[in-house]
J.: 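Mind looking over this structure? Questions follow.
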Protein chains: 2
Amino acid sequence: MNGKESTEQKILKAAMVIFVQKGRHGAKMQEIADAAGINKAMLHYYFRNKEKLYAKVFHNVFAKIFGSLHKIFETDESFENKLTNFIDQYTRLIAENQQIPLFIMREISEGAEELKPIFNEILEEKKFALPITFIETINNSIQKGEIRKIDSRQIFITIIGSVVFYFIAEPILSVLLKVDPDFQRENFIEERKIIVVDIILNGIKP
Amino acid sequence: MNGKESTEQKILKAAMVIFVQKGRHGAKMQEIADAAGINKAMLHYYFRNKEKLYAKVFHNVFAKIFGSLHKIFETDESFENKLTNFIDQYTRLIAENQQIPLFIMREISEGAEELKPIFNEILEEKKFALPITFIETINNSIQKGEIRKIDSRQIFITIIGSVVFYFIAEPILSVLLKVDPDFQRENFIEERKIIVVDIILNGIKP
DNA sequence: GTCTATAATTTGATAGAC
DNA sequence: GTCTATCAAATTATAGAC
C-alpha cells in the first residue's frame with residue numbers, strides 16, 4: 001500500500017473498473033489507458049493485447065468474489081449463527097463490489113467458447129471452498145434435524161440468490177420500488193439482511 | 001403467423017437473438033444480417049443505424065418479460081394459490097427466455113446515460129402492472145394476517161430473486177453444483193418450483 | 001426493396017524516438 | 001519504460017445499380 005503504484009498495478013486497477021462496468025467488448029483500450037493515467041501503448045507493453053489483459057482481470061475479479069468467506073462455515077457455531085454471519089458478510093462483500101456478480105455472469109454466458117479455458121482453469125485452483133463447505137454445512141444440519149430434508153443445492157441457490165439478486169437488479173428495482181438510492185439505500189440493505197435471514201430460517205426449519 | 005414474414009420482422013427476430021446473446025457491443029451487424037438471411041444494407045434501410053435497431057429490440061424484450069402475469073394477482077384465490085401459480089408460470093416464462101433477465105440487467109447497468117431515455121419511456125407505458133399488483137397483494141395478505149408483517153418490497157425481491165437467480169447464474173451453478181444440463185436440468189427446475197414455494201410460504205407465514 | 005461495392009470510422013496493435 | 005505517430009483490421013454506414 002505504498003504511495004507509488006507500479007504501472008502494471010495502475011493498469012490492472014483501471015482495467016478492472018472499466019471491464020467490469022462495460023464488459024469485454026464495451027470496454028475500449030483507450031478508455032482504460034485514460035483511466036490508468038498512462039498511454040495506450042503501455043497496455044500492450046505490459047499485457048501484449050486486449051484479450052490477455054481481459055483474462056487477467058477476469059481471473060482477479062473471480063477470485064475476489066469466490067476466494068473468501070468459506071471460513072464462516074468451518075466453525076462450531078449453530079446453523080442459525082453461521083447463516084446470519086454469512087448473509088451479513090456476504091451482503092457486505094457484494095455491496096462493496098456491486099457490479100461484479102453481473103459482470104461474471106454476463107461474461108460467462110456471453111463469452112461462450114473463448115472464455116471456457118479461463119473459467120475452467122480458475123475452477124481448478126480450488127477457489128471453490130465456498131459452495132462446497134456451504135453445502136456440506138447444510139447437509140450436516142439436515143442430518144442433525146435442524147433443517148427440513150430439502151435438496152441442499154436448492155437451499156444454497158435460494159440463499160445466494162436472495163443476497164445477490166437485489167444488487168444485480170438494483171437499477172430496475174430501485175425505480176420499480178421507489179427506493180431512493182442516496183437516502184434510503186443503506187437502510188434498505190440493512191433491513192434486507194435481517195429479513196432474508198428471517199425468511200430463510202423460518203422457511204427451512206422443521 | 002403467416003408463412004411469409006416481412007423483412008422487417010425477420011430482422012427484428014434475428015436482432016433480438018443476437019443482441020440478447022452478445023449484448024449491444026458484442027453483436028455485429030453482419031452477424032444479425034446473416035441470421036436474418038438478408039443483406040447488411042437492409043438493416044440500415046429499415047432501422048437507419050445500429051443504435052436504433054438496438055433500441056427497438058430492447059423495447060420489445062423488455063415488454064416481453066414485464067408485460068404479462070399480473071393477472072394472476074387479480075383473482076380471488078388464497079395467497080398460497082396465487083403464489084404457487086405465479087412461481088409456476090413465471091419460472092416457465094423465464095426458462096423459455098432464459099437469457100433475457102441477464103440481458104436487461106446487463107444493458108441497463110452498462111448503458112448508463114444513453115439507455116436511460118429508452119428505459120424511462122418504457123416505464124411510462126404502464127407495463128408495470130406486475131410489481132404493483134404483486135406488492136399490493138402482499139400488503140393485503142399482511143393485513144388479513146396471512147403473512148407476517150414484513151416489508152412487502154423485501155418479500156417481492158426475495159420471491160423474484162428466488163425464481164430468476166437460478167437462470168441468470170446457471171452457467172456457473174451447473175458447474176459448481178454438478179447439474180447435468182442435458183439430463184437433470186428439467187427435473188431440477190421442476191423441483192425448484194416446489195421448494196421455492198415451500199420455503200417462501202413457510203418463511204413468511206405467521 | 002434488395003443487392004454489391006465502397007467509403008468512413010472506430011479501435012486494436014506496432015514502430016521507433018527518447 | 002514511456003511516449004507520439006502511424007498502421008492494419010474490423011465494423012458501421014452509404015452510394016448507386018437493378
Side-chain angles (χ1 to χ4, degrees), chain A residues 2-61 103 106-107 110-115 117-118, chain B residues 2-59 103 106-107 110-115 117-118:
Chain A
N2 195 316
K4 42 186 162 183
E5 217 174 359
S6 77
T7 301
E8 190 170 342
Q9 278 307 313
K10 282 197 289 188
I11 292 173
L12 277 174
K13 207 167 155 184
M16 184 180 288
V17 173
I18 305 290
F19 271 125
V20 166
Q21 197 178 350
K22 309 241 172 135
R24 175 156 50 159
H25 296 101
K28 305 302 174 193
M29 296 294 264
Q30 184 62 58
E31 197 179 357
I32 293 171
D34 293 346
I38 50 95
N39 192 280
K40 200 175 57 167
M42 288 288 92
L43 300 181
H44 292 89
Y45 177 78
Y46 280 98
F47 295 92
R48 189 88 187 159
N49 59 36
K50 186 179 179 181
E51 242 185 275
K52 287 195 169 52
L53 175 57
Y54 172 81
K56 186 78 181 165
V57 166
F58 184 80
H59 187 283
N60 289 352
V61 167
F103 168 77
R106 154 179 69 184
E107 299 301 310
E110 180 181 324
E113 299 315 310
E114 317 124 65
L115 207 67
I118 307 175
Chain B
N2 196 316
K4 42 184 162 187
E5 218 174 358
S6 76
T7 301
E8 190 171 341
Q9 279 305 314
K10 280 196 289 190
I11 292 174
L12 278 175
K13 206 167 156 184
M16 183 179 290
V17 173
I18 305 290
F19 272 125
V20 165
Q21 196 177 350
K22 309 239 173 139
R24 177 157 47 161
H25 296 101
K28 305 302 174 195
M29 295 294 266
Q30 184 64 58
E31 198 179 356
I32 293 171
D34 292 346
I38 50 95
N39 191 280
K40 201 175 53 164
M42 287 288 92
L43 301 181
H44 292 89
Y45 177 78
Y46 280 100
F47 295 93
R48 185 91 188 159
N49 59 35
K50 187 179 179 181
E51 242 185 275
K52 286 194 170 53
L53 174 57
Y54 172 81
K56 186 77 182 169
V57 166
F58 183 81
H59 186 282
F103 169 77
R106 152 177 73 185
E107 300 300 311
E110 178 181 327
E113 299 315 311
E114 318 124 64
L115 208 68
I118 307 175

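Every chain is numbered from 1, with letters handed out A, B, ... down the list of sequences. For the numbers below, each heavy atom of this structure counts, side chains included, while hydrogens, waters and symmetry mates do not.
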J.: Using 0.5 Å steps for rounding, measure from the NZ atom of B:Lys40 to the CE atom of B:Met29.
T.: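 B:Lys40 atom NZ to B:Met29 atom CE measures 8.5 Å (nearest 0.5 Å).
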
J.: Measuring from the side chain of A:Lys50 (C-beta onward, heavy atoms only), which nucleotide among D:dT14, C:dG12, D:dA13 has the closest atom?
T.: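 The answer is C:dG12.
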
J.: B:Met42 near the nucleic acid: base, sugar-phosphate alone, or nothing, with a heavy-atom cut-off under 4.0 Å?
T.: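 Base contact - B:Met42 has a heavy atom under 4.0 Å of at least one base atom.
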
J.: Look at the side-chain N and O atoms of B:Tyr45 and state whether any lies under 4.0 Å from the OP1 or OP2 oxygen of C:dC3.
T.: no

J.: Base, sugar-phosphate alone, or nothing: which one does B:Ala33 contact when heavy atoms must sit under 4.0 Å apart?
T.: nothing

J.: Take the protein atom CD of B:Gln30 and the nucleotide atom C1' of D:dT12, then report the distance between them rounded to whole Å.
T.: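 Those two atoms, CD and C1', are 11 Å apart.
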
J.: What is the distance, to the nearest angstrom, from the NE2 atom on B:His25 to the P atom on C:dT9?
T.: 18 Å

J.: Under 4.0 Å: is that the gap between some side-chain N or O of A:His44 and OP1 or OP2 of C:dT14?
T.: no

J.: Quick one: B:Asn39 CG to D:dG16 P, roughly how many Å, whole number?
T.: 17 Å

J.: Measure the OH-CG distance between B:Tyr46 and B:Leu12 for me, rounded to the nearest 0.5 Å.
T.: 11.0 Å

J.: So A:Phe47, base contact, sugar-phosphate only, or nothing? Heavy-atom distance under 4.0 Å.
T.: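 Nothing, no heavy atom under 4.0 Å.
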
J.: Would you say B:Lys13 has more than 12 foreign heavy atoms packed within less than 6.0 Å of its NZ?
T.: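 No, NZ of B:Lys13 has 12 or fewer neighbouring heavy atoms, counting only those of other groups under 6.0 Å.
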
J.: Report the C-alpha distance between A:Phe103 and A:Phe19 in whole Å, list the side-chain angles of each, state the deciding distance to 0.1 Å, and finish with yes or no for ring pair (Phe, Tyr, Trp, His ring centres under 6.0 Å).
T.: CA-CA 8 Å; A:Phe103 168 77; A:Phe19 271 125; 7.5 Å; no

J.: Below 4.0 angstrom from OP1 or OP2 of C:dG1, is there any side-chain N or O of B:Thr7?
T.: no

J.: Round to a whole Å and report the spacing from CD of B:Glu51 to P of D:dA13.
T.: 8 Å

